[in-house]
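Each residue takes its place number in the sequence, starting with 1. Bear in mind that the values here come from a model prediction, so they are computed numbers and not experimental data.
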Amino acid sequence: MKDILCIGHVTHDHIVTPATPDGVDCAGGTAYYVAWAMSRLPKTIDFGVITAVGQDLKHEIERLKQAGIDITDLGSPTSVFFENKYGENMNNRRQRVLSKAAPFTIDQLKDADAKMFHLGTLLVDDFSPEVVEYLASKGRICVDVQGYLREVREQKVYAVDWKDKLRVLRSTDVLKVNEHEIDVLTDGEKDLRRAARMINKWGVREVLITLGSYGSVIYTDNKFYEIPGFPPRKTVDATGCGDTYAAGYLYARSSGANPDEAGRLAAAMCTLKLEHTGPFDGTIEEVRRIAGIKE
């Protein structure tokens, strides 16, 4: 049994930033960023990935395997293809979906076994409510809400609430949202604390709210933890920062850390990730130094 099993599509990303105006093509997606982040942390937990990609990304799956990551590729006729455009403010982006991958099914996941399933939703149909409920009968569930709130119209992505929200969240133990997603999720509730309590009442035990350069807020067991944002030496690319945060937080919590320690470790990993395009590639020593965590 895995301590953490991340399930989600590895994607083909085309990223445009002020530093790379012509764009950079690379792999991405929750499963990709979480896997590489986990590979850089001490091997104190048992971690694995289940994904589904087309032929264009098979080489990325091999790279992950060669890095020692336990990854299963279920295969898909096509891969998810995102175009992400950032302006000077890395907290905002414009996104298009150029192709989609096949959703995950209960039959595909019948042999999945973990204490924690981290579901990296990229589009609303990646994980049906039935799939989430099935996995919740086997272990705890962490959901990155981003994909559930994405409606694709003529390739453009629009933020919308989703009809199965309450059903899915009843099966969710940990929910990761950013400041824009929680606004959509709670029908415009501007007070983060009220919004977090609302989500908690829907059944979620731990609510993680990332706020970009402003840090993050964690709500669990009727207590709020305010986590600072640690300034990077330079800001290059925010793609994958939310996934890096989730990886650090789940890793730390699975290793016995309290929410404050886990949030600080996760935030420090994001700081290092921001300094370059691509997944987190720092060391645990760098992370602890930035977060002010003693070994």
Side-chain angles (χ1 to χ4, degrees), residues 4 6-11 13 15 17 26-38 40-41 49 80 82 84-86 89-95 97 116 118-124 126-127 141-150 157 159 172 174-185 192 195-196 199 204 206-219 227-230 232 235-253 259 262-282 287:
I4 301 172
C6 180
I7 308 175
H9 294 111
V10 174
T11 67
D13 288 353
I15 301 170
T17 71
C26 57
T30 293
Y32 180 81
Y33 285 107
V34 169
W36 280 113
M38 288 288 189
R40 301 291 298 180
L41 297 171
V49 177
V80 178
F82 280 119
N84 296 321
K85 289 187 176 181
Y86 295 92
N89 183 354
M90 282 285 175
N91 293 330
N92 298 319
R93 73 178 171 190
R94 288 177 294 157
Q95 190 171 64
V97 178
M116 170 70 76
H118 179 44
L119 308 185
T121 71
L122 299 177
L123 297 169
V124 70
D126 284 352
F127 299 96
I141 300 292
C142 176
V143 171
D144 187 322
V145 80
Q146 59 182 340
Y148 280 125
L149 304 182
R150 286 175 176 154
V157 177
T172 301
V174 182
L175 186 74
K176 193 200 77 64
V177 297
N178 65 27
E179 69 271 37
H180 307 297
E181 293 159 353
I182 198 168
D183 181 73
V184 174
L185 196 64
L192 287 181
I199 293 169
V204 179
E206 294 183 49
V207 183
L208 318 180
I209 309 168
T210 57
L211 305 171
S213 58
Y214 300 104
S216 57
V217 174
I218 298 165
Y219 180 62
I227 311 299
F230 304 109
T235 300
V236 175
D237 184 4
T239 306
C241 273
D243 299 319
T244 302
Y245 186 98
Y249 185 83
L250 293 178
Y251 172 89
R253 291 290 274 152
R264 292 179 69 86
L265 182 137
M269 288 176 64
C270 289
T271 294
L272 292 168
K273 158 66 201 88
L274 266 174
E275 296 176 352
H276 67 280
T277 292
F280 170 81
D281 65 355
V287 171

- [ ] With sequence neighbours excluded, tell me which residues meet ring-ring contact (aromatic ring centres under 6.0 Å, His included) with Tyr251.
- [x] none

TODO: Identify, with sequence neighbours excluded, every residue that meets ring-ring contact (aromatic ring centres under 6.0 Å, His included) alongside Phe280.
DONE: none

Residues in side-chain contact (heavy atoms from CB on, under 4.5 Å) contact with [X], at least two apart in sequence or another chain:
{"X": "Ala35", "result": "Phe47, Val49, Leu64, Ile69"}
{"X": "Pro259", "result": "Ile218, Thr220, Tyr225, Tyr249, Arg253"}
{"X": "Leu192", "result": "Ile182, Ile209, Leu211"}
{"X": "Asp144", "result": "Thr30, His118, Gln146, Lys176, Asp243"}

Is there a side-chain contact between [X] and [Y] (heavy atoms, below 4.5 Å)?
{"X": "Leu41", "Y": "Met269", "answer": "yes"}
{"X": "Tyr86", "Y": "Ile15", "answer": "yes"}
{"X": "Val97", "Y": "Val157", "answer": "yes"}
{"X": "Tyr219", "Y": "Val217", "answer": "no"}
{"X": "Phe127", "Y": "Ile7", "answer": "yes"}
{"X": "Val34", "Y": "Leu250", "answer": "no"}

Residues two or more places apart in sequence or in another chain: which of them pass side chain to side chain donor-acceptor pair (under 3.5 Å) with [X]?
{"X": "Thr172", "result": "none"}
{"X": "Tyr148", "result": "none"}
{"X": "Ser216", "result": "Tyr245"}
{"X": "Gln95", "result": "Asn84, Arg150"}

Task: Thr11 side chain vs Val80 backbone, donor-acceptor pair below 3.5 Å - done: no

- [ ] Indicate yes or no for a side-chain donor-acceptor contact from Arg94 to the backbone of Lys85 under 3.5 Å, with no hydrogens or angles considered.
- [x] no

TODO: Quick one: list whatever passes salt bridge (charged side-chain N to carboxylate O under 4.0 Å, His left out) with Asp183, sequence neighbours left out.
DONE: Lys190

Open item on the list: Tell me which pairs pass salt bridge (charged side-chain N to carboxylate O under 4.0 Å, His left out) where either residue lies in residues 267-278, with sequence neighbours left out.
Closed with: Arg233-Glu275

- [ ] Report yes or no: do Thr239 and Tyr33 form a side-chain donor-acceptor pair below 3.5 Å?
- [x] no

